[in-house]
2 protein chains.
Amino acid sequence: MIPNQPFRPAPVTARDKLLEAAVKLIRSQGYAGTSVEQLCVEAGVTKGAFFHHFSSKEALGVAAAEYWSASTGQFFANAPYHQLEDPVERVLGYIDLRIALIGGPVETFSCVAGTMVQEAFRTSAAIRAACEASIAGNAAALESDIEAALVQCGIDDVKASSLALHVQTVIQGGFVLAKAGGGADMARDALIHLKRYFEMLFKRGES
Amino acid sequence: MIPNQPFRPAPVTARDKLLEAAVKLIRSQGYAGTSVEQLCVEAGVTKGAFFHHFSSKEALGVAAAEYWSASTGQFFANAPYHQLEDPVERVLGYIDLRIALIGGPVETFSCVAGTMVQEAFRTSAAIRAACEASIAGNAAALESDIEAALVQCGIDDVKASSLALHVQTVIQGGFVLAKAGGGADMARDALIHLKRYFEMLFKRGES
DNA sequence: TGCAAAATACCGACCGGTTGGTATGTTGAC
DNA sequence: GTCAACATACCAACCGGTCGGTATTTTGCA
């Protein structure tokens with residue numbers, strides 16, 4: 001129903017296989033909790049291949065965040081909600097899509113960047129920056145739609161950039177609560193509250 | 001201004017010192033990224049003391065979550081916002097208090113349970129459960145006020161339990177974004193949006 | 001009250017396995 | 001033949017955890 005990796009091509013090179021393994025293992029074990037050897041076994045390659053493509057484990061972490069960012073960015077860029085005429089509907093359509101993507105075990109819909117940055121924000125500046133770029137990229141992709149919706153509704157006391165980041169905040173928070181035991185339902189509930197927030201905000205402007 | 005540990009007594013026994021060290025190190029390095037030896041050095045005790053008080057590193061993780069839960073629970077139980085008469089004001093007062101607690105480096109205001117559960121939810125059922133209890137406990141402490149506010153405003157299409165958990169969701173998400181680079185401002189912004197959500201929700205019921 | 005015994009708190013050297021990382025091949029396409 | 005893409009073998013440091021032992025406190029009984 002909801003495929004784990006609906007937007008990524010089948011990996012062919014050892015590098016791709018390692019990045020795919022990184023996404024899978026980091027999602028369920030975290031960055032520090034995943035060893036280089038585990039990554040190699042999961043990817044079906046040897047340690048030599050690993051250090052041929054990545055100068056260190058940290059470099060793999062950075063590359064995984066960038067890989068994740070590119071994959072998700074492409075997926076949302078091609079999503080159909082962009083074609084809705086009403087910018088308000090586009091924003092709500094994005095949230096609906098995020099809700100639809102949630103399902104199954106937490107590690108199949110959670111975020112690699114959010115997971116990694118929690119552990120590594122102090123120990124690795126490079127990983128932190130790569131994760132920030134990933135999350136900020138997701139926010140930026142939505143900001144213009146939010147901006148248009150705010151203008152249309154005559155709202156000027158809330159910034160589009162702040163709202164775009166708040167969407168990411170609720171998504172990331174939903175993943176944390178889901179991991180704590182709430183599962184997919186919890187992550188969905190978070191986005192339903194977010195949608196209600198946006199609906200009330202946009203309606204407030206109309207009246 | 002905003003003390004890092006305003007509610008915890010000075011640790012005296014090796015066990016307390018280790019729990020205090022765990023809170024500090026897990027907040028800034030994560031659970032898997034923190035070694036037993038690091039914990040001992042930070043606490044100023046030896047490895048012998050560590051394994052005298054905790055049967056394993058995992059047991060320390062569980063105890064740290066419980067310690068964290070007890071400390072924060074006590075702090076919020078004694079907070080002055082409880083004395084406000086209007087339940088709506090009590091709920092908004094809680095959010096204001098959470099906003100006021102945010103400041104300085106991220107690792108001084110972030111959540112131990114949220115950090116740990118992100119990494120360990122699959123690898124340690126015990127840690128996952130302890131973190132869930134901590135987060136659910138925070139939510140439960142707010143649920144009765146939210147319930148009273150909803151009744152007062154005549155709102156029956158939103159559950160108090162769901163809203164209470166959503167508060168925790170936004171708090172946790174704010175920490176993730178703050179770690180990704182937004183810092184204290186980002187964590188505060190998240191709660192300002194949350195407060196606006198509650199204000200609109202309660203106002204909707206009044207009209 | 002005195003005092004031995006037992007429980008608790010703590011110490012630090014040590015162990016086997018795992019870690020991230022390296023040095024040195026081997027192979028196959030151009 | 002050259003060079004990128006791997007594979008194999010190996011290493012030193014570090015990891016969580018053990019163990020024999022000591023200092024301190026608590027307990028139980030005469």
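Everything quoted here is computed from the prediction, not taken from an experiment. Side-chain atoms are counted along with the backbone in the values below, which use heavy atoms only and exclude waters and symmetry mates. In what follows, chains carry the letters A, B, and so on, assigned in the order in which the sequence lines appear, proteins first and then strands, with residues in each chain numbered from 1.
Summarising the geometry, the separation between CZ on B/Phe50 and P on C/dC14 is reported as 22 Å, rounded to the nearest angstrom. C/dG20 atom P lies 15 Å from atom CZ of A/Phe54, rounded to whole Å. Rounded to an integer number of Å, the gap from B/His52 NE2 to C/dA7 C1' is 10 Å. The interatomic distance linking A/Leu60 (CG) with C/dG21 (P) rounds to 10 Å, in whole Å. With rounding to whole Å, A/Lys17 atom NZ is found 10 Å from D/dC6 atom C1'. Nucleotide C/dG20 holds its C1' atom 14 Å from the CG atom of A/Leu18, rounded to whole Å. Atom CD of A/Glu37 is separated from atom P of D/dC10 by 15 Å (rounded to the nearest Å). Distance, A/Leu39 CG to C/dT19 P: 11 Å, rounded to whole Å.
Separating the OG atom in B/Ser124 from the CE atom in B/Met116 is a distance of 9.0 Å, to the nearest 0.5 Å.
Donor-acceptor pairing under 3.5 Å is lacking for the side chains of A/Arg90 and A/Tyr94.
You'll find a donor-acceptor pair under 3.5 Å spanning the side chain of B/Lys47 and the base of D/dG16, going by distance alone.
The aromatic rings of B/Phe109 and B/Phe175 lie tilted to each other, with the angle between the two planes from 30° to 60°.
Listed nucleotides: D/dG17, D/dA7, C/dG20. Nearest to the side chain of A/Ala49: D/dA7.
Of all the heavy atoms in B/Leu194 and B/Val170, the pair that sits closest is CD1-CG2, 3.8 Å.
Dashed line: the shortest gap from a side-chain N or O of B/His53 to OP1 or OP2 of C/dC10 is under 4.0 Å. Taking only side-chain nitrogens and oxygens, A/Thr46 never comes nearer than 4.0 Å to OP1 or OP2 of D/dC6.
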